[in-house]
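Below you'll find the structure, written out as C-alpha cells, and then a few comments.
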Amino acid sequence: MSLAELIAVLEAAYPPRLAESWDSVGLVCGDPKDGVSRVLFAVDATAAVVDEAIEWGAQALVVHHPLLLRGVDTVAASTPKGALVHRLIRSGCALFTAHTNADSADPGVSDALAQALGLTVTGPLEPKPTAPVDEWSVWVPVAHADPMRAALIAAGASARSCACGGWREAPTAEPAREQQERLELTAPPAARTAVLTALRTAHPDPDPAFHVTERAALPSGLGLGRIGELPEPESLRAFTTRVQAALPATAWGVRAAGDPDRVIRRVAVCGGAGDSFLATVSRLGVDAYVTADLRHHPADEHLRAGGPALIDAAHWATEFPWCDQARDLVRAALPGLQTRVSAIRTDPWTLGAADRSIPMA
C-alpha cells in the first residue's frame, strides 16, 4: 500500500488541526506515492532509531517528537539532524510526526498513559472544544454541480454530501424547469466571505438559493491531559510503585512529592512536560498528578498551596505508551502492514542513583 494511505490513517486518528500553533507535525520526508510494507514507531527519531528502521527495512518511521521544529534553516548532511534526514531519504524510509495533535486527540498520548496506569478516563484535563464551523447547503443545476463544488472547495470549504432532488424554475427568458442538486459543505467561519464570493461567482443563477448555519463549538473528548480514577483507592506510596511498574525503566526513575500515606483515588495525567497544569489540577481537586519534567520551585509552591500529590517520571517514559496505541490503530486500519515499536530507550539520561525514600520534613 502507499505512504499516502498510511498518512490518511494517522491524520484521521491525530488530526493536524489539533496541533498547537507553534508545533510542526505531519510528513517530514518521503513521497506519498511510494509503497509501504513496514512501519516502525518510536518517541524520537534518534540516530539509533533511524539505524533500526533502516536495518529492519522500514519504509516509514512514525515518531512523536518532531525532528525539525524551531529555527531550522538547513538540513545539510553536515548537521546532526540533516544527516538523519539524508539517511532516511537515501534508504527510502519516510519520517512522519504526530506531536501535540496526538496529545489532544481522543484517544491520544495521555489516554495511553492513563491506560498503562490502570485508570478509567473520565475526560481531558484541558478540554479542547470542537471548533465552530459553517454548514453550507447550496442548490445548483445538476450540470453545474461539479464546477460549483470545486469552486467552493477552492475557497476553503470541505464537501460533505450531495443530494439530487427537486425542480426549480430556470432563470431564462422562457421559464423552464431543471433538476437541482443540493451540495452540502462545511467551512471555517473565517472562510465565510471567500466561500460566499465563490458561490455567487460560480453559480449560473444571479440569485442562487443557499443556506448557511454556524454550528457552535461543543465540548468533546479532545484536549490535553486526562483525568481518571483508580479501580480502588490506594496510598501514594502504592500508587508510586504502580507508576514505576507500568512505565519503562529509565535512569530518571519515578519520584513522588507528598505524604506517602495520602489516599489516591482520582488522578490527573499528562504525557510529557506538564507543570503548566499545576494550577489546573489543584482546581479540579484530583488526589495526584502524573507528568514529567517538574521543576523545584513550581512543585514546591504547588505543595505549599495544598495541591495534589505529584508523580514525576521521565519525559520519554510517559509518552512511550503512545507508540503501542499508534501501532495498534495502524495495524487495525491497514492489516497488510508489518508494524513494530522500537524498544530503544531514547530518554537522554543514562545514569541514576539508587531509589530511596526521603522522610518528610
Side-chain angles (χ1 to χ4, degrees), residues 1-11 14 16 19-103 109 248-252 271-273 292-293 314-327 330 337-352:
M1 57 194 64
S2 68
L3 176 60
E5 291 176 273
L6 173 64
I7 292 172
V9 170
L10 290 167
E11 292 191 341
Y14 311 119
E20 300 298 312
S21 59
W22 50 264
D23 202 4
S24 177
V25 301
L27 187 63
V28 178
C29 64
D31 187 338
K33 297 189 298 294
D34 285 349
V36 175
S37 60
R38 290 184 173 183
V39 184
L40 182 67
F41 296 84
V43 174
D44 302 282
T46 63
V49 169
V50 170
D51 286 343
E52 179 184 0
I54 293 172
E55 290 169 6
W56 185 50
Q59 292 83 34
L61 171 60
V62 177
V63 298
H64 181 51
H65 290 148
L67 177 65
L68 308 174
L69 185 57
R70 298 184 180 90
V72 176
D73 57 10
T74 178
V75 289
S78 55
T79 63
K81 291 185 177 182
L84 294 182
V85 172
H86 280 262
R87 288 198 63 212
L88 288 165
I89 293 173
R90 284 197 299 266
S91 301
C93 183
L95 176 62
F96 184 92
T97 299
H99 192 211
T100 54
N101 51 325
D103 288 329
V109 172
T250 60
W252 182 267
D293 298 346
H315 189 121
W316 169 80
T318 62
E319 295 175 329
F320 182 73
W322 168 80
C323 295
D324 284 338
Q325 179 194 95
R327 177 205 58 197
V330 167
L337 287 179
Q338 295 184 57
T339 57
R340 118 177 171 189
V341 171
S342 174
I344 295 174
R345 184 183 68 183
T346 58
D347 182 67
W349 307 104
T350 56
L351 293 174

Roughly how far, to the nearest 0.5 Å, is the OG1 atom of Thr250 from the CH2 atom of Trp316? 7.5 Å

Between CG on residue Leu95 and CG on residue Leu27, distance to nearest 0.5 Å: 8.0 Å

Is there a side-chain contact between Thr100 and Asp103 (heavy atoms, below 4.5 Å)? yes

For the student: nearest non-hydrogen atoms of Ala83 and Ala77, plus distance: CB-O, 3.5 Å

Atom OG1 in Thr97, atom CG in Asp23: separation rounded to 0.5 Å? 8.5 Å

Strictly distance-based, threshold 3.5 Å: is any side-chain N or O of Arg87 a donor or acceptor partner for the main-chain N or O of Val50? no

Would you call Asp34 and Val36 a side-chain contact if the rule is heavy atoms closer than 4.5 Å? no

I need the Glu5 CD to Leu337 CG distance, nearest 0.5 Å. 8.5 Å

Just checking, any donor-acceptor pair under 3.5 angstrom between side chains of Gln338 and Ser37? no

Quick one: does Arg340's side chain get under 4.5 Å of Phe41's, heavy atoms only? no

Can you tell me how far apart CD (Glu52) and OG (Ser342) are? Round to the nearest 0.5 Å. 3.5 Å

Please determine if Arg345 and Asp347 form a salt bridge, counting it only when a charged side-chain N lies under 4.0 Å from a carboxylate O. no

How far apart are the C-alpha atoms of His99 and Glu20, what are their side-chain angles, what is the distance that settles it, and do they pass the side chain to side chain donor-acceptor pair (under 3.5 Å) test? CA-CA 9 Å; His99 192 211; Glu20 300 298 312; over 6 Å; no

Within the structure provided, determine whether Val341 and Phe320 are in side-chain contact (heavy-atom separation under 4.5 Å). yes

Heavy-atom side-chain contact between Cys93 and Gln59 under 4.5 Å: no

Any heavy-atom pair between the side chains of Thr79 and Thr74 that's under 4.5 Å? yes

Using the rule given for side-chain contact (heavy atoms from CB on, under 4.5 Å), can you reason through Leu10 versus Phe96, listing the C-alpha separation, both sets of side-chain angles and the distance that settles it, and then say yes or no? CA-CA 9 Å; Leu10 290 167; Phe96 184 92; 3.6 Å; yes

Apply salt bridge (Lys or Arg N to Asp or Glu O under 4.0 Å) to Arg327 and list each qualifying residue two or more places apart in sequence or on a separate chain. Asp324

Identify the two heavy atoms, one from Leu68 and one from Val85, that lie closest to each other, and give their separation to 0.1 Å. CD1-CG2, 4.4 Å

Nearest heavy atoms of Leu3 and Ala60, plus distance in Å: CD1-CB, 4.3 Å

If we only count heavy atoms from C-beta on, is the Val62 to Leu40 side-chain gap below 4.5 Å? no

Looking only at heavy atoms, what is the nearest atom pair of Gly271 and Val109, with distance? CA-CG1, 4.2 Å

Looking at Leu67, is its backbone amide N or carbonyl O close enough to the side chain of Lys81 to form a donor-acceptor pair, meaning the two atoms are under 3.5 Å apart? yes

What is the minimum heavy-atom distance between Pro32 and Ser2, and which atoms define it? O-CB, 3.8 Å

Ala251 versus Thr350, closest heavy-atom pair with distance: CB-C, 3.7 Å

So how far is it from Ile344 CD1 to Asp44 CG, rounded to the nearest 0.5 Å? 11.0 Å

Quick one: ring-ring contact (aromatic ring centres under 6.0 Å, His included) partners of Trp322, sequence neighbours excluded? Tyr14, His64

Output, in order, the C-alpha distance, side-chain angles, deciding distance and verdict of side-chain contact (heavy atoms from CB on, under 4.5 Å) for Leu69 and Trp22. CA-CA 9 Å; Leu69 185 57; Trp22 50 264; 4.3 Å; yes

Do the side chains of Val43 and Cys323 get nearer than 4.5 Å, heavy atoms only? yes

